[in-house]
Amino acid sequence: MSSPFDPADPAVRPFTSFNFKVEVQVPGMNGQLASASFSECDGLEMSMEPKSIREGGRNSGPVLMAGPVGYGQLTLKRGMTANLDLWRWFERVSASGNGGLRASAEVVMLAADAVTVQLHYMLRECLPVKVKGASLNAKEGLIAIEEMQVAYESPELLLRGETPPPPP
């Protein structure tokens with residue numbers, strides 16, 4: 001009988017976080033917007049603030065009810081790109097009358113072979129909130145985008161082989 005963990009099979013290896021890609025699609029802009037490679041991606045998170053209700057006669061403590069859910073901000077660090085698409089997206093959103101221009105983003109975690117998809121984070125209603133260029137220093141070979149932060153309204157996690165539902 002074989003073990004459920006077979007290191008030779010990429011389909012059953014544990015998830016790794018060192019191979020990933022970020023894809024952003026903005027309505028009205030051509031193709032995949034993020035043709036950039038980032039060395040770090042953080043902020044894929046959900047949190048809930050439970051509501052505490054005191055119930056008469058229950059002396060063991062309050063009843064905890066599900067409260068409002070909040071999501072993190074996607075932070076992309078140390079990116080390399082050959083174009084200005086991410087900067088243009090921020091410019092378009094910050095231009096007069098474009099505050100509602102939202103994007104969808106997908107963070108894809110790849111297996112160690114850099115080809116096999118392990119899982120997808122689908123992020124909807126994305127809004128760029130910060131773009132920071134690298135500090136300019138002739139002695140260092142820093143890259144073009146030091147940090148980009150993207151707020152999102154709803155994340156969805158899809159495992160390998162699952163297909164995302166259409167946007168609402």
Side-chain angles (χ1 to χ4, degrees), residues 1-27 32-34 36-79 86 89-90 92-94 98-133 145-168:
M1 181 171 191
S2 67
S3 166
F5 177 71
D6 179 7
D9 183 3
V12 296
R13 290 184 191 146
F15 296 140
T16 56
S17 62
F18 61 90
N19 281 330
F20 65 92
K21 61 183 178 179
V22 180
E23 299 169 348
V24 179
Q25 291 183 336
V26 180
Q32 293 289 346
L33 180 65
S37 297
F38 294 93
S39 64
E40 287 183 46
C41 176
D42 191 21
L44 296 166
E45 61 186 71
M46 298 185 295
S47 61
M48 180 186 305
E49 188 175 321
K51 296 291 183 184
S52 178
I53 299 174
R54 291 206 142 317
E55 187 175 47
R58 183 180 170 148
N59 295 329
S60 62
V63 176
L64 295 178
M65 304 293 287
V69 176
Y71 306 108
Q73 284 189 0
L74 189 68
T75 301
L76 305 169
K77 292 186 180 179
R78 289 178 281 290
L86 295 171
W89 177 33
F90 194 95
R92 284 189 63 187
V93 168
S94 62
N98 281 338
L101 180 64
R102 304 299 173 104
S104 60
E106 185 174 356
V107 178
V108 181
M109 290 178 57
L110 303 170
D113 63 5
V115 176
T116 306
V117 173
Q118 291 181 318
L119 57 94
H120 298 249
Y121 289 93
M122 304 294 295
L123 308 175
R124 301 201 193 280
E125 301 299 317
C126 298
L127 187 65
V129 295
K130 180 179 180 180
V131 177
K132 178 182 176 186
I145 299 172
E146 179 61 23
E147 182 177 321
M148 179 163 196
Q149 291 182 359
V150 177
Y152 54 93
E153 290 185 9
S154 66
E156 184 174 349
L157 181 62
L158 301 171
L159 290 172
R160 177 183 25 253
E162 293 181 334
T163 56

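We're numbering straight along the sequence, starting at 1. All figures in this text were calculated on a predicted structure; none of them were measured in a lab.
The line from NZ of Lys132 to OG1 of Thr75 is 11.5 Å long, rounded to the nearest 0.5 Å. Atom NZ of residue Lys21 and atom NE2 of residue His120 lie 8.0 Å apart, to the nearest 0.5 angstrom. Interatomic distance, OG of Ser154 versus CZ of Arg124, reported as 6.5 Å (0.5 Å rounding). Expressed to the nearest 0.5 Å, how far CD of Glu147 lies from NZ of Lys130 amounts to 4.0 Å. Distance CZ/Phe90 to CD/Gln149: 10.0 Å, rounded to 0.5 Å. To the nearest 0.5 Å, the span separating CE on Met148 from CH2 on Trp89 amounts to 5.0 Å.
Counting non-hydrogen atoms of other residues, nucleotides and ligands closer than 6.0 Å to CE of Met48 gives a total above 12.
When side chains are defined from C-beta on, Lys51 counts as touching Pro68, because their heavy atoms get closer than 4.5 Å. With contacts defined as side-chain heavy-atom distances shorter than 4.5 Å, the pair Asp42/Lys77 does not qualify. Looking at heavy atoms from C-beta onward, Val117 lies in side-chain contact with Leu110 at the 4.5 angstrom threshold.
Every salt bridge (charged side-chain N to carboxylate O under 4.0 Å, His left out) that Glu153 has, sequence neighbours left out, goes to Arg102. For Arg54, the side-chain contact (heavy atoms from CB on, under 4.5 Å) partners at least two apart in sequence or on another chain are Pro62. With sequence neighbours left out, Val107 forms a side-chain contact (heavy atoms from CB on, under 4.5 Å) with Val22, Cys41, Leu44, Leu74, Tyr121, Leu123.
For the residue pair Leu101 and Val93, the shortest heavy atom distance occurs at O-CG2, 3.5 Å.
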